[in-house]
Amino acid sequence: GASNAPMLAAISILLGLGGVFSFILTFDIVDNRLRDSAEVNSALGGLGPDPIPLLEGDDHPPGSFADVTLEWPQHPAALAIRALAVRFELERERYGSRVFALVGLSPESGVSSLALGLGHTLGARERRLLIVECNLPRPGLAKVQGAIRAMPGLLEALLDDSLDPASLMQRDPRRQIDILPIGDVGSELIDRPAFLRLLEQFRGNYDLVLLDTAPLAEDDFAYFVAAHADAVLLIGREDDSQFRDLRRSIDRLVLAEVPAVSAILNFTRPKRGERIRQAVYSQMGTLSRLHWRLHRSIRRTLKNLVRRGA
């Protein structure tokens, strides 16, 4: 009857909300995106490098991540890159690693920009450092570093034995490093034995070599390159790269017996709770300064009153 109408309405609302909550719960379970560094550490089975924060705000225009170590050396992203560079240095000192493959988990993981930042940091101590672009599906190093010509480059050196690879190197004067772009990607024929011979030349001529590589799932050549590196860093983009891709990439590299494999999360944003905490701390700091000024003003007023009374 009419007396049951409110209860029936309430049950209908609860059922409707239950459907919404069920959808949210299901989506959260199915959603496989990497959302924080804890998930990266879980895939690695140990503690990986600290995540690299996103550059935000009007002071950091789009595309400026490649220049963060040059233009904003005290930004948290630059500090995270320097901490990552220390790991590379330790890997080289302890195990003799010279060739490091930087492998994106998704197309927009910031591999080329990170390679430039690491190159600048690692090459700052008078080390001979080379960045080799090995990304066939999406070469972007020349776009990120506007002063670099896209060709000729690696592919031309592989196709023509008469070419001296040193003549194809391009110097980045600001970072004090050498760069070998991918070259003309119109040719899909890759002479892999020639690449390995070239890689050995790089080992002899440079202290460190960074290989800018495509996602393993997209390109067989990327897997070939990574499998012949001394160490591999998998680079994921927060809320974009997939956990399953990270796990599969680790498994494939372990199967290839790569000596060292690690992973890092790039372009991270503060979580909602962290943003609230920062806002609260900021407000508390403002209130504290106001309280201190008010306290000094009251003390000054009281002293003046006492002097006048005396």
Side-chain angles (χ1 to χ4, degrees), residues 34 52 54-55 60-71 77-78 81 84 99-123 129-158 165 168-175 177-188 190 195 198 202 208-226 229 232-242 245-246 249 263-268:
L34 288 169
I52 301 176
L54 177 71
L55 271 71
H60 308 298
S64 59
F65 177 57
D67 296 327
V68 64
T69 58
L70 291 167
E71 304 293 342
I81 291 173
L84 179 61
V99 178
F100 295 83
L102 309 183
V103 180
L105 292 174
S106 51
E108 300 296 330
S109 297
V111 176
S112 297
S113 296
L114 181 56
L116 290 169
L118 278 171
H120 173 233
T121 305
L122 291 166
L129 190 139
L130 171 66
I131 296 178
V132 182
E133 186 174 32
C134 303
N135 191 329
L136 288 173
R138 295 180 183 83
L141 195 55
K143 296 177 182 177
V144 173
Q145 215 290 14
I148 296 298
R149 301 184 307 277
M151 60 184 73
L154 174 64
L155 296 181
E156 283 76 12
L158 296 179
L168 303 176
M169 304 294 180
Q170 299 182 48
R171 188 68 176 171
D172 185 330
R174 298 181 70 198
R175 296 178 178 84
I177 60 176
D178 289 340
I179 296 176
L180 181 63
I182 188 70
D184 184 5
V185 295
S187 173
E188 297 187 8
I190 304 295
F195 175 81
L198 202 57
F202 297 155
L208 290 168
V209 180
L210 304 182
L211 307 176
D212 177 352
T213 311
L216 302 185
E218 287 190 357
D219 182 31
D220 289 339
F221 181 61
Y223 181 54
F224 177 80
V225 169
V232 175
L233 178 69
L234 298 165
I235 302 165
R237 185 184 183 112
E238 185 185 64
D239 283 330
D240 180 74
S241 300
Q242 302 290 310
D245 292 336
L246 172 59
S249 296
I264 194 169
L265 200 57
N266 204 5
F267 301 137
T268 62

May I ask you to decide if L34's main-chain N or O and S241's side chain share a donor-acceptor pair within less than 3.5 Å? no

Spatial distance of atom CZ (F267) from atom CZ (F65) [nearest 0.5 Å]: 5.0 Å

Mark yes or no for whether N266, through its side chain, and I235, through its backbone, hold a donor-acceptor pair below 3.5 Å. no

Are the side chains of L233 and F100 in touch, meaning some heavy atoms are under 4.5 Å apart? no

L118 vs R175, test: side chain to side chain contact (heavy atoms under 4.5 Å, CB included). Steps then yes/no. CA-CA 10 Å; L118 278 171; R175 296 178 178 84; over 6 Å; no

Checking the side chain of E156 only, and the main-chain atoms of D184 only, is there a donor and an acceptor separated by less than 3.5 Å? yes

Please tabulate, for side-chain N and O atoms in residues 143-151, each donor-acceptor pair with protein atoms closer than 3.5 Å (sequence neighbours left out).
from	atom 1	to	atom 2	distance (Å)
Q145	OE1	A147	N	2.7
Q145	OE1	I148	N	3.4
Q145	NE2	D172	OD2	2.9

Less than 4.5 Å apart, any side-chain heavy atom of L234 and any of V103? yes

Check whether any side-chain heavy atom of D178 lies under 4.5 Å from a side-chain heavy atom of F202, and answer yes or no. no

Report yes if the side chains of V232 and T213 come closer than 4.5 Å at any heavy-atom pair, otherwise no. no

Rounded to the nearest 0.5 Å, what's the gap from CG on L105 to CD on E218? Could you check? 10.5 Å

Heavy-atom pair with the smallest gap, counting every atom of L55 and S64: CD2-OG, 3.7 Å

Do E108 and R138 sit within salt-bridge range, that is, some charged N less than 4.0 Å from a carboxylate O? no

Dump the intermediate steps for side chain to side chain contact (heavy atoms under 4.5 Å, CB included) on I52 and L114, then the final yes or no. CA-CA 10 Å; I52 301 176; L114 181 56; 3.6 Å; yes

Roughly how far, to the nearest 0.5 Å, is the OG1 atom of T121 from the CD1 atom of I81? 6.0 Å

Before you tell me yes or no, could you show the steps for T268 and D239 under side chain to side chain contact (heavy atoms under 4.5 Å, CB included), namely the whole-Å CA-CA distance, both residues' side-chain angles and the distance that decides it to 0.1 Å? CA-CA 9 Å; T268 62; D239 283 330; over 6 Å; no

Quick one: pull up CG in L198 and CG in L154 and give me the separation to the nearest 0.5 Å. 6.5 Å

Could you walk me through whether V99 and L211 satisfy the side chain to side chain contact (heavy atoms under 4.5 Å, CB included) test, starting with their C-alpha distance in whole Å, then the side-chain angles of each, then the deciding distance to 0.1 Å, before giving a yes or no? CA-CA 7 Å; V99 178; L211 307 176; 3.5 Å; yes

For the atom pair CG (L102) and OG (S113), what is the distance rounded to the nearest 0.5 Å? 11.5 Å

Looking at I177 and G119, what are the two nearest heavy atoms and their distance? CG2-O, 3.4 Å

Of all heavy-atom pairs between L246 and A263, which one has the smallest distance, and what is that distance? CD1-CB, 3.7 Å

Taking side chain as C-beta onward, heavy atoms only, is S106 less than 4.5 Å from D245? no

Hey, could you give me the OG/CG distance between S109 and D240, rounded to the nearest 0.5 Å? 6.5 Å

Between P137 and A214, the two heavy atoms sitting closest are CD-CB, 3.7 Å

Verify, without hydrogens or angle tests, whether E133 (side chain) and I182 (backbone) share a donor-acceptor contact under 3.5 angstrom. yes

Any heavy-atom pair between the side chains of L168 and L180 that's under 4.5 Å? yes

For A226 versus A101, what's the shortest heavy-atom pair and its separation? CA-CB, 4.1 Å

Side-chain touch L116/L70, heavy atoms, less than 4.5 angstrom: no

Heavy-atom side-chain proximity of L54 to E238 below 4.5 angstrom: no

